[in-house]
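For reference, the structure discussed in these notes is given below.
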Amino acid sequence: MAVQKPTIPSGTRDFSPEEMVKRNYIFDTIKKVFQLYGYLPIETPAMENLSTLLGKYGEEGDKLLFKVLNSGDFLSNVKTDDFGNKESNKVALQISEKGLRYDLTVPFARYVVMHRNDINFPFKRYQIQPVWRADRPQRGRYREFYQCDVDVIGSDALLNEVELIQMIDDIFSRLHVAVEIKLNNRKILAGIAEMVGEDDKMMDITVAIDKLDKIGLEKVNSELLDKGVSEAAIEKLQPILTMKGTQQEKLMLLRELLQTSETGMKGIEETLYIMNKVAELGVESMVELDLTLARGLNYYTGAIIEVKAADVKIGSICGGGRYDNLTGIFGMDGTSGVGISFGADRIYDVLNELDLFPENKELSTMVFFVNFGEEEEKYTLRVLQKVRKAGINAELFPTADKMKKQMNYADKKNIPFVVIIGQDEIEKDVLSVKNMKTGEQEEMRLTDFIMKVKAF
RNA sequence: GUGGAUGUAGCUCAGCUGGUUAGAGCAUUGGAUUGUGGUUCCAAGGGUCGUGGGUUCGAGCCCCAUCUUCCACCCCA
C-alpha cells in the first residue's frame with residue numbers, strides 16, 4: 001500500500017510548543033482582564049443545530065457554515081426530485097441537521113435562552129473557543145480560528161459599552177500593541193437612510209460609504225444609483241459623504257443633518273455619551289467615530305465597535321457591538337446585550353510581526369541533567385526530585401547518549417543551566433553546573449544551585 | 001463564490017529553447033572529539049519534481065483537470 005502524505009484541511013493549522021506558549025500568553029492576558037472586569041467563562045459545543053445557526057449571519061454567512069452530515073443512512077429521507085435536480089441547498093438541509101459554530105455570539109444567545117432561569121442578570125460571561133468558517137483562506141484569514149468573546153446580556157446601560165472599550169484598551173496596552181478603536185452606531189446609519197428617504201437601503205448606503213476611501217465619491221454615487229437609490233436621496237447624502245473636521249464637529253454636523261430622524265438622533269446621543277465617558281476615563285488608545293463601519297452581522301442594533309492595529313495591516317483584530325434582540329429569535333424578547341470578540345489568531349500575527357512576545361522563561365525547562373548511565377542516573381534522579389520540589393522546571397535526559405547529543409538537545413531547547421553529575425561529582429557531593437549562555441562551568445552544592453536558579 | 005499567481009529534499013530555493021544519473025545552502029545522522037552545546041572540518045542519508053491524465057522518440061520544463069498556498073474581489077476575526 002502506498003504511503004500517503006499527511007495533510008490538514010486548508011485554512012487549518014497545527015501549533016508547535018513554541019507557538020502554543022505564545023498563544024497562551026495572549027489567551028492568558030485576555031482572560032486576566034476579562035476576569036478583572038467581572039466576567040466569567042462558559043463553553044458551548046463545537047456543533048450546534050443548524051436551525052440555531054441558519055439565518056443569523058445573513059445570506060453570506062449561511063454559505064460559510066460548515067455542515068455536519070447526519071449519522072446513519074442519511075440519504076434515506078432525501079426527496080429524489082431535489083436530488084435529481086441537484087438542488088444542493090435543499091438536499092443539504094435534508095442530510096444535515098448540525099453545523100460547526102460560526103461565531104460565539106449566537107451560541108451564547110441560545111445558551112442564555114436555554115438557561116434563563118438559572119442566570120443572574122445582567123449576565124457577564126466570556127468564552128474562548130474555536131469557530132469555523134468555510135471561507136477561502138488568506139493571510140490572517142483561517143477556516144478554523146479562535147475567538148475570545150466578552151458579552152454582557154440583560155442590561156441596556158451604555159456603561160457596558162464604555163466598559164468594553166476600557167477592556168480593549170487594557171488588553172492591548174498589556175500586549176503593547178497600539179490600536180485604533182473605531183466606533184459607529186447602527187442607529188446613526190439607519191437615521192441617515194431615513195433622512196434621505198431610503199429606509200430599506202441602509203445596508204447599500206453603508207457599504208457605499210465604506211468604499212468612499214477606496215473608489216472615490218463619483219463611483220460611490222454611481223454605485224448607489226445602480227443599487228436603486230434615488231437621485232434625490234443621493235443628493236441629500238452628499239453633505240455626509242464629504243463631511244470633514246474633528247470628531248466633535250462631525251457629530252455636531254450629523255446632529256443637524258439628522259434632526260428629522262428620531263432614531264438617528266438617538267444614535268448620536270449614544271455615541272456622544274460613550275465617547276465622553278471614555279474620554280473622562282482617560283483611555284490610552286485612539287477612539288474615533290467611523291461612519292464606514294458597518295460590520296456585516298445582521299443582529300447589531302446600536303453601537304458598533306472595531307479595533308485595528310495601528311502598525312500592522314491585517315484587518316480588524318477585535319470587533320463587536322450591541323444587539324437588542326438576539327435572544328428574541330429563540331423566544332426571549334426584550335433582552336439587550338452588548339459584546340466584543342478578540343481575534344486571537346490575528347493578534348498573534350500582529351505580535352509576531354512587531355516582535356512583542358516576551359521571553360516566557362518561567363514556562364520552559366530551566367535545568368537540564370546529563371545522563372551518564374545507570375549508576376549516575378540513580379543518583380541524579382534524587383537530585384532532580386529535589387530541584388523540582390523547589391519549584392524549578394527540570395528534566396533528565398532519558399538515555400545515556402553521547403554528551404554532545406545531550407548538550408545539543410539542551411541547547412536547542414534553550415535551557416539555561418546544564419548540570420553534570422558523573423562519578424567525580426558524586427564522590428565530592430557537588431554538581432557541575434554549566435551556564436549555557438556564558439559557557440562558564442563551576443562546581444557547587446545543591447542548595448546553592450537552587451538559590452542561584454531561583455535568583456536567575 | 002469570482003479572477004490571478006504558485007507548487008522541485010524536512011526548510012529556503014536553483015534547474016537554459018523539452019535531451020543522459022535533478023542540484024545548492026540550511027537542517028538531520030555519523031565521524032574528527034569514548035565527560036561538554038552554540039564555531040570549524042570530513043562523510044552519509046534523504047526526491048514517483050503537488051496529484052491525475054495528455055502531447056512527444058524523450059517532460060521538472062508544454063497542454064488539460066484537480067488540490068495546496070498566496071494575492072485581489074465578496075465577506076470577515
Side-chain angles (χ1 to χ4, degrees), chain A residues 2-13 16 26 30 57-65 88-89 101-105 128-149 203 206-207 210-211 214-215 293-298 304-309 313-321 339-350 368-373 376 397 400-426 432-443:
Chain A
V3 240
Q4 55 166 0
K5 270 192 184 167
T7 54
I8 52 174
S10 87
T12 65
R13 296 149 300 157
S16 67
I26 296 174
I30 289 174
Y57 310 107
E59 229 175 284
E60 282 296 323
D62 284 356
K63 279 191 213 157
L64 299 179
L65 281 175
S88 303
N89 284 330
R101 65 167 164 255
Y102 178 93
D103 74 353
L104 299 177
T105 309
I128 298 179
Q129 289 189 276
V131 303
W132 294 270
R133 294 182 190 178
D135 210 344
R136 186 177 284 208
Q138 261 181 51
R139 170 175 160 67
R141 176 186 289 189
Y142 307 100
R143 283 180 154 173
E144 178 187 62
F145 61 95
Y146 274 73
Q147 288 193 330
C148 312
D149 270 35
M203 277 314 292
T206 310
V207 169
D210 183 26
K211 288 189 179 165
K214 280 188 201 164
I215 63 176
L293 235 189
R295 295 197 51 78
L297 296 184
N298 285 347
I304 306 173
I305 303 164
E306 187 168 297
V307 182
K308 287 192 162 182
K313 232 185 118 185
I314 197 170
S316 77
I317 51 178
C318 174
I340 49 172
S341 179
F342 291 78
D345 302 270
R346 283 190 179 171
I347 295 172
Y348 180 96
D349 291 343
V350 169
F368 175 85
F369 287 89
V370 176
N371 189 326
F372 270 109
E376 293 89 340
F397 204 73
D401 279 346
K402 283 194 182 155
M403 188 80 120
K404 183 185 168 91
K405 188 172 176 175
Q406 301 194 41
M407 292 295 272
N408 223 312
Y409 171 87
D411 185 46
K412 283 201 179 141
K413 224 173 155 179
N414 250 320
I415 299 172
F417 297 104
V418 167
V419 174
I420 298 160
I421 305 175
Q423 283 305 324
D424 294 355
E425 286 82 1
I426 294 178
S432 282
V433 176
K434 176 156 184 162
N435 181 322
M436 292 296 274
K437 213 161 221 163
T438 62
E440 285 164 21
Q441 185 168 322
E442 54 179 322
E443 293 185 348

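First the proteins, then the strands, lettered A, B, ... as listed; each starts at 1.
We find that CD of Glu443(A) is positioned 18 Å from P of G35(B), with the value rounded to whole Å. The nearest whole Å value for the distance from the CG atom in Leu104(A) to the C1' atom in A77(B) is 11 Å. Glu306(A) places its CD atom 13 Å from the P atom of C75(B), with the value rounded to the nearest Å. Asp149(A) places its CG atom 14 Å from the C1' atom of C76(B), with the value rounded to the nearest Å. For the pair Lys434(A) NZ and G35(B) C1', the interatomic distance rounds to 11 Å; values are reported in whole Å. In this entry the distance linking CD of Gln423(A) with P of U34(B) reads 19 Å, nearest Å. Rounded to whole Å, the distance from CZ on Phe372(A) to P on U34(B) is 13 Å. For Ile317(A) and A77(B), the CD1 to P distance is 13 Å, given to the nearest whole Å.
One P atom belongs to U33(B), the other to G50(B), and the distance between them is 43 Å to the nearest Å. Using C1' as the reference atom, C64(B) and G19(B) are 24 Å apart when rounded to the nearest Å. Nucleotides U66(B) and U48(B) have their P atoms positioned 24 Å apart, rounded to a whole Å. Nucleotides G10(B) and A5(B) are separated by 28 Å at their P atoms, to the nearest Å. The gap from the P atom of A32(B) to that of G15(B) amounts to 39 Å, rounded to the nearest Å. When the C1' atom is used for both A59(B) and G54(B), the distance is 11 Å, rounded to whole Å. Rounded to the nearest Å, the gap between the C1' atom of U51(B) and that of U6(B) is 15 Å. Comparing the C1' positions of G23(B) and G47(B) gives a spacing of 11 Å, expressed to the nearest Å.
Checked by atom type and distance alone, the side chain of Arg133(A) pairs as donor or acceptor with a backbone atom of Tyr102(A) at under 3.5 Å. Formation of a donor-acceptor pair under 3.5 Å by the Asp135(A) side chain with backbone atoms of Pro137(A) is not found in this model.
Screening Ile415(A), Val419(A), Ile420(A) for a side-chain contact (heavy atoms from CB on, under 4.5 Å) involving Phe368(A) leaves a single residue, Ile415(A). Residue Phe397(A) is tested with Phe369(A), Phe372(A), Tyr409(A) for a ring pair (Phe, Tyr, Trp, His ring centres under 6.0 Å); the sole match is Tyr409(A). Of the candidates Ile340(A), Thr105(A), Asp345(A), Leu104(A), Leu104(A) is the only one forming a side-chain contact (heavy atoms from CB on, under 4.5 Å) with Gln147(A).
Contact annotation: side chain of Glu425(A) to base of G35(B), donor-acceptor pair present below 3.5 Å. One can find a donor-acceptor pair under 3.5 Å joining the base of U36(B) and the side-chain atoms of Gln441(A).
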**OP:** Take Met407(A) and Met436(A), measure what side-chain contact (heavy atoms from CB on, under 4.5 Å) needs, and give me the verdict at the end.
**Re:** CA-CA 9 Å; Met407(A) 292 295 272; Met436(A) 292 296 274; 4.1 Å; yes
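Pairing for G25(B) is with C11(B), a Watson-Crick or G-U wobble pair whose two hydrogen-bonding atom distances lie under 3.5 Å. The base-pairing partner of U66(B), taking Watson-Crick or G-U wobble contacts with both distances under 3.5 Å, is G50(B). Using Watson-Crick or G-U wobble geometry with both donor-acceptor distances under 3.5 Å, G3(B) finds its partner in C71(B). Across all strands shown, nothing is found opposite C16(B) as a Watson-Crick or G-U wobble partner with both distances under 3.5 Å. Judged by Watson-Crick or G-U wobble contacts below 3.5 Å, the nucleotide U55(B) has no partner.
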Show each protein N/O and nucleotides 29-32 of chain B N/O combination with a separation under 3.5 Å, one pair to a line.
residue : atom : partner   : partner atom : Å
G31(B)  : OP1  : Lys402(A) : NZ           : 2.5
G31(B)  : OP2  : Lys402(A) : NZ           : 2.8

Got a list of protein N/O to nucleotides 68-70 of chain B N/O distances below 3.5 Å?
residue : atom : partner  : partner atom : Å
U69(B)  : OP1  : Gly11(A) : N            : 3.2
U69(B)  : OP2  : Ser10(A) : OG           : 3.3

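Counting non-hydrogen atoms under 4.0 angstrom, Lys437(A) reaches a base of the nucleic acid. Across all strands shown, Gly61(A) has no heavy atoms under 4.0 Å from either base or sugar-phosphate atoms. Within 4.0 Å of Gln406(A), counting heavy atoms only, lies no atom of the nucleic acid at all.
Minimum heavy-atom separation, Phe145(A) to Tyr142(A): CD2-O, 3.6 Å. The shortest non-hydrogen separation linking Arg346(A) to Ser316(A) is NH1-O, 3.0 Å. Among all heavy-atom pairs drawn from Ile317(A) and Ala309(A), the shortest one is CD1-N, 3.9 Å. Nearest heavy-atom pair, Trp132(A) versus Glu144(A), reported as atom, atom and distance to 0.1 Å: NE1-OE2, 3.0 Å. When all heavy atoms of Tyr146(A) and Ile128(A) are compared, the pair lying nearest together is CD2-CG2, 4.3 Å.
Closest to the Ile420(A) side chain, of the nucleotides G35(B), C75(B), G37(B), is G35(B). You'll find that the side chain of Arg346(A) is closest to C76(B), out of G38(B), G35(B), C76(B). Closest contact between the side chain of Glu60(A) and the listed nucleotides G37(B), C74(B), G35(B) involves C74(B).
Each of Met436(A) and Tyr146(A) was matched to the nucleotide of RNA chain B holding its nearest heavy atom; the match closer to the 5' end belongs to Met436(A).
Here Phe145(A) counts as stacked on A77(B): its ring centre is under 5.5 angstrom from the base ring centre and the planes meet at under 30°.
Arg143(A) has its side chain within reach of Ser10(A): a pair of non-hydrogen atoms, C-beta onward, lies under 4.5 Å apart.
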